[in-house]
Amino acid sequence: MIRRAWTYMSGYVVIKVKGANLERFLNRLARADVPAWDTQRVAPHMLVARVGAGNFRRVRAICRGQGWKVAIVEKVGLPFVCAAALRRKALLAGAVLFMAALFVASNFVWFVRIEGGAEELEERIMAVVTQGGLRPGTPVDQIDRERLQRSLLLEVNELAWAAVNVKGTLAVVEVAERTVTETGESAAGNLVAAQGGVVEQVRAFRGHAVVKPGDIVRAGDVLISGFIPPESDEHRRLLEENRPPYVRADGVVRARIWYEGKGRAHLVSLRETPTGNRATGYLLRLGNRTWQVGNSGPPFESYVEARSAWEAEPYGGYPVGLERVVYIEVDREREPIDEDEALESAKAAALIDLEARVPEGAEFVDGPHVDVQIIIEEGRPIAQARAWVEVLGELGRFEPIEY
Amino acid sequence: MPLESRGRSRIKSFVRSLSESLEMPQDVVLDVPRVTLIGNVQVQIGNHKGVLEYTPTRIRIRTRDGILVVEGKRLKIGSIFRDEVVVEGRIERLDLDAPRGNKEEGAP
């Protein structure tokens with residue numbers, strides 16, 4: 001087996017020798033140290049044998065002048081295969097190029113896949129891994145898996161576990177979501193005021209009511225506490241059951257709640273007409289410093305600016321930037337607006353703003369009311385309107401306790 | 001010639017007795033043929049002195065101690081080297097024709 005493999009590796013030829021007294025031919029081969037194998041006496045005057053490819057020259061020399069005719073029947077072995085391949089240069093080049101391309105391509109990540117997370121998390125997870133240097137085109141050996149896993153856990157709070165595995169050209173980000181217990185039935189917490197109002201009615205299903213009708217509360221104030229006071233029976237019972245004295249507060253707190261909306265309208269409008277004059281200035285920025293290039297500052301009294309900036313942060317994170325500022329000269333004309341019209345539009349804006357704030361289906365107790373006043377801002381009169389309404393509604397919002 | 005030949009045989013018998021007393025393999029020391037028969041499919045002949053006849057039914061090989069005749073069917077020389085020849089095929093008969101006196105047959 002080994003000999004066969006070796007003869008294949010080194011290459012051999014199948015030769016055919018014709019002539020008389022071929023026994024002597026074999027003896028001469030043996031004496032000349034030319035090994036021959038698989039010989040066959042196919043006819044009295046013909047012999048087939050195999051000799052090493054490198055020895056064929058010597059075989060021919062032995063035959064010379066002896067009346068033996070030698071010819072190669074077949075060439076076998078790796079050297080001949082290689083020689084044949086070498087003759088087909090384009091094919092060989094293609095094969096080498098293909099192998100090289102395959103090798104190079106297999107050293108990069110081509111696909112990044114996220115497994116195990118909720119769909120709405122995928123975008124954030126992808127952003128984190130991209131930030132961490134894992135994206136299609138990243139060399140496989142430049143992926144810092146541990147750092148990626150750490151930053152995933154740090155930056156995406158919902159994750160309990162993360163792993164980055166590279167399988168060939170596919171990077172798989174496996175994640176497991178934290179089971180959120182904060183809003184679960186068992187989580188302890190308070191019922192707090194979602195916004196300010198006057199408490200009308202309090203009914204605690206679970207927990208300890210800390211407000212009473214008539215109390216004025218602000219947003220965030222505790223209405224029904226999840227903490228059971230120490231002197232109560234329930235507190236003692238919870239402790240006996242070896243549980244903390246906290247419950248998930250639940251109940252109804254109805255209150256009169258104000259909602260307020262604002263709107264404003266100008267009493268004087270400014271009309272800007274370009275005069276056709278313009279000037280261009282440049283700002284060069286290096287690090288934190290800026291220099292004016294060309295026109296220093298606006299050359300017009302009244303103008304508008306158009307800026308276009310180019311900024312780069314090359315190696316080392318030292319930013320360089322160039323900003324082009326075009327100053328366009330304008331004529332400003334003040335044009336008074338009808339006062340009633342302005343007041344009305346301010347009021348309408350305030351009401352629209354208010355409507356957006358009031359929850360749907362709220363029970364109106366008082367209002368809506370609107371008042372409007374004229375104020376001066378930056379030298380221009382402005383109509384400012386305020387609309388408010390008082391509704392009767394649910395005030396409570398659940399907030400978990402950290403203990 | 002007879003003198004020289006006698007001298008040579010004396011040397012030979014000395015070397016033989018030496019190798020026997022030292023328990024050295026005689027085929028190595030004395031250039032005598034070593035014939036190994038493997039079943040009836042292969043026979044290896046070491047220290048041969050050349051092939052005298054090669055046909056599919058009969059192969060004769062010269063050795064120092066006479067002519068080795070291999071007879072059988074589909075015989076062929078599996079390989080031939082300077083000091084070893086391997087005959088393959090279905091071997092039916094193996095014979096050593098010892099030379100009479102010093103006369104040897106069929107110089108190559």
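Letters go in sequence order (proteins before strands), and every chain restarts at 1.
Among the candidates A:P44, A:A36, A:A32, the residue making the largest number of heavy-atom pairs closer than 4.5 Å to chain B is A:A36.
By the neighbour-count criterion of 12 heavy atoms within 6.0 Å, atom CD of A:E115 is densely surrounded, having more than that number from other residues, nucleotides or ligands. A:W110 CH2: 12 or fewer foreign heavy atoms inside a 6.0 Å radius. Other residues, nucleotides and ligands contribute at most 12 non-hydrogen atoms within 6.0 Å of the CZ atom of A:R88. More than 12 heavy atoms of other residues, nucleotides or ligands sit less than 6.0 Å from atom CZ of B:R58.
For a heavy-atom cut-off of 4.5 Å, chain B lies close to no residue in residues 66-83 of chain A.
Contact of A:V42 with chain B is not made at all, since no heavy-atom distance falls under 4.5 Å.
With contacts defined as side-chain heavy-atom distances shorter than 4.5 Å, the pair B:I80/A:L29 does not qualify.
Every pair passing side chain to side chain donor-acceptor pair (under 3.5 Å) that includes a residue from residues 36-48 of chain A is listed here, sequence neighbours excluded: A:E23-A:R41, A:T39-B:Y54.
Between atom CG of residue A:L26 and atom CG of residue B:L52 there is a gap of 11.5 Å, rounded to the nearest 0.5 Å. Atom-to-atom distance recorded for B:E53:CD and A:L22:CG is 12.5 Å, nearest 0.5 angstrom.
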